[in-house]
Amino acid sequence: MHVKPVAPVFHRCVAAGRRLADTWAGSPRAVDVLTALGCLGLMALDLPGLAAADNSLSGPTAAVVLTLGCTTLLVRRRLPWISYLAALLFIGWLHELTLIQFALYSVGRFRGRRAGILATLGYIAFALVMFWVPGWPEPQGQTLSGFLSIVVPIGALASAVGIAAYRHDLVRELTVRRAESAVFRAVQQERVSVARDVHDFVGRELTLLTVRSEVLSVRARETPHAKDFEELADTARRAHLVLNEIIVQRGERASTPGVDGLPALAEESGRAGSPVRLAMDEGVHGLSPLRQAAVYRVVQECLTNAAKHAHGETIDVSIAADGPRLRIAVSNALPARTPGRAPVSAGSGTASMSERVRSLGGTLTATRTDDTYEVVATLPRG
């Protein structure tokens, strides 16, 4: 009977637990639970006073009441006003100011500046009214100025921190949306670029087909096939017109270079401080213009990213055209000073490069090891 070693099983269980803990710890629900427990822990320090002097609650009853009040923080993201109302109840009944701090922070954090300010003013007004109630606050000799010196800073500070966090969330969300918008624009621009390349290359072939058909039509004018050649020329002209209508031209531009432009691209990268070792099969020169343009764009973007994040490191570029697939591999060493950052960013350039490859039925993957980073793109040759 084979018994599995205990150590590997234990390590797998530990790793699974760690992954679960990392996933749960970063969730908003976990933050809310920890917030409620933290508030309960702070209010638990007041349990002896609540049981002895402030009101008629016993120790166990006070613990239950405080726990119920803290549970309102579990819905502070969607319903922060519930914890706010519970905190006002605690002020009037238990003379407890801990929950209001968490409640004001939650209102400011999840409802914004206006709600935070209104909640703070309401809290100060409520506390001021309670000050004039006989027997509240304790001790009896506390003055109004001394009372407000405690109440006002507590509410203002908690609300201000919440509002600042709310503004930070807005800025972060705006940054994310701008990044997504930049990626979307890059993908759209790359699609337009691919369409223009299609127009350039296919349009050129249609033009040659039209001219060739017209020449053959003239030569076969006295033969039974003259009409067939004329129809073929008309069909080629109509196809060219349809292509022009589908793909909108937006100004003059140079066509995307092919693989013949890669040596110059590698030389330019070397002059900028990132030398390139270029290895390219001879069969690459026989690829279609669209695939040559894709090869050029992939290598160009990889060189740009490598120079940006691994400046000075040698970049290896390999383009193999063996079999039915075309393989483009670009790799470079990672600088020792920035081991935690990938040399290829997840920005718009990478998105456009991926879109170019996908548009031709290929795939693109990026692999990072401890000391190297490699981008591999595969395309069908046909």
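Here the straight-line distance linking atom CG of Leu334 with atom CD of Glu313 works out to 8.0 Å at 0.5 Å rounding. The line from CD1 of Ile91 to CD of Glu96 is 9.0 Å long, rounded to the nearest 0.5 Å. Taken to the nearest 0.5 Å, the CD1 atom of Ile328 stands 5.0 Å off from the CG atom of Leu326. Note that the OG1 atom of Thr35 and the CZ atom of Phe102 stand 7.0 Å from one another [nearest 0.5 Å]. To the nearest 0.5 Å, atom CZ of residue Arg277 and atom CG of residue Asp316 are 4.0 Å apart.
Every residue meeting the side-chain hydrogen bond (donor to acceptor under 3.5 Å, both in side chains) condition with Gln300, not counting sequence neighbours, appears here in chain and number order: Arg297. Not a single salt bridge (Lys or Arg N to Asp or Glu O under 4.0 Å) links Asp281 to another residue, sequence neighbours left out. Scanning for side-chain hydrogen bond (donor to acceptor under 3.5 Å, both in side chains) contacts around Arg167 gives an empty result, with sequence neighbours left out.
Hydrophobic clustering (ILVMFWY, side-chain heavy atoms < 4.5 Å, transitive): Ile124 and Ile117 are in distinct clusters. No continuous path of hydrophobic side-chain contacts links Ile163 to Ile154 [ILVMFWY only; heavy atoms under 4.5 Å]. Ile100 and Trp81 fall within the same hydrophobic cluster, where Ile, Leu, Val, Met, Phe, Trp and Tyr residues are linked whenever their side-chain heavy atoms come under 4.5 Å apart, directly or through other members. Leu85 and Leu97 fall within a single hydrophobic cluster, where Ile, Leu, Val, Met, Phe, Trp and Tyr are joined by side-chain heavy atoms under 4.5 Å apart, directly or via other members. Linking ILVMFWY side-chain heavy atoms closer than 4.5 Å, directly or via other members, places Phe110 and Leu74 in two distinct hydrophobic clusters.
Within the 4.5 Å cutoff, the side chain of Asp32 has no heavy atoms near those of the Leu73 side chain. Looking at heavy atoms from C-beta onward, Val376 lies out of side-chain contact with Thr367 at the 4.5 angstrom threshold. Counting only heavy atoms from C-beta outward, the side chains of Phe131 and Val151 never approach each other to under 4.5 Å. Leu66 is listed as a side-chain neighbour of Phe90, based on a closest heavy-atom distance under 4.5 Å. Between Pro380 and Arg325 the shortest side-chain heavy-atom distance falls below 4.5 Å. Here the side chains of Arg76 and Val31 are in contact, with some heavy-atom distance below 4.5 Å.
Of all non-hydrogen atoms in Pro80 and Arg77, the two that sit nearest each other are CD-O, 4.3 Å. Of all the heavy atoms in Ala321 and Gly283, the pair that sits closest is CB-C, 4.2 Å. Scanning all heavy atoms of the two residues, the minimum distance from Glu374 to Ala329 falls at OE2-CB, 3.9 Å. Annotation for Gly69 and Leu99: closest pair O-CD2, 3.9 Å, computed over non-hydrogen atoms. For the pair Ala366 and Tyr373, the tightest heavy-atom approach, listed with the atom from each and the gap, is CB-OH, 3.1 Å. Among all heavy-atom pairs drawn from Cys302 and Val330, the shortest one is CB-CG1, 3.6 Å.
Remark: side-chain polar atoms of Tyr166 are not paired, donor with acceptor, to backbone N or O of Val107 under 3.5 angstrom. At least one donor-acceptor pair closer than 3.5 Å links the side chain of Tyr84 to the backbone N or O of Ala119. Under the 3.5 Å distance criterion, the side-chain polar atoms of Gln292 are matched with a main-chain donor or acceptor of Val259. Under a 3.5 Å cut-off, the side chain of Ser159 and the backbone N or O of Gly116 do form a donor-acceptor pair.
Chaining together hydrophobic side chains whose heavy atoms lie under 4.5 Å apart leaves Val171 on its own.
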side-chain hydrogen bond (donor to acceptor under 3.5 Å, both in side chains) between Asp371 and Thr369, intermediate numbers included: CA-CA 6 Å; Asp371 54 359; Thr369 63; 3.3 Å; yes
Worked check of side-chain contact (heavy atoms from CB on, under 4.5 Å) between Leu265 and Leu278: CA-CA 10 Å; Leu265 194 63; Leu278 178 62; over 6 Å; no
Ile315 vs Ser274, side-chain contact (heavy atoms from CB on, under 4.5 Å): CA-CA, chis, key distance, verdict: CA-CA 7 Å; Ile315 306 170; Ser274 297; 3.9 Å; yes
Residues 37-45, side-chain donor-acceptor partners within the protein, below 3.5 Å, at least two apart:
none

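Among pairs with a residue in residues 259-273, those fulfilling side chain to side chain donor-acceptor pair (under 3.5 Å) read Asp260-His285, Glu267-Arg271, at least two apart in sequence or across chains.
Counting non-hydrogen atoms of neighbouring residues, nucleotides and ligands closer than 6.0 angstrom, the CZ atom of Arg113 reaches no more than 12 such neighbours.
Among the candidates Asn305, Val299, Leu364, Asn332, the single residue satisfying the side chain to side chain contact (heavy atoms under 4.5 Å, CB included) test with Val375 is Leu364.
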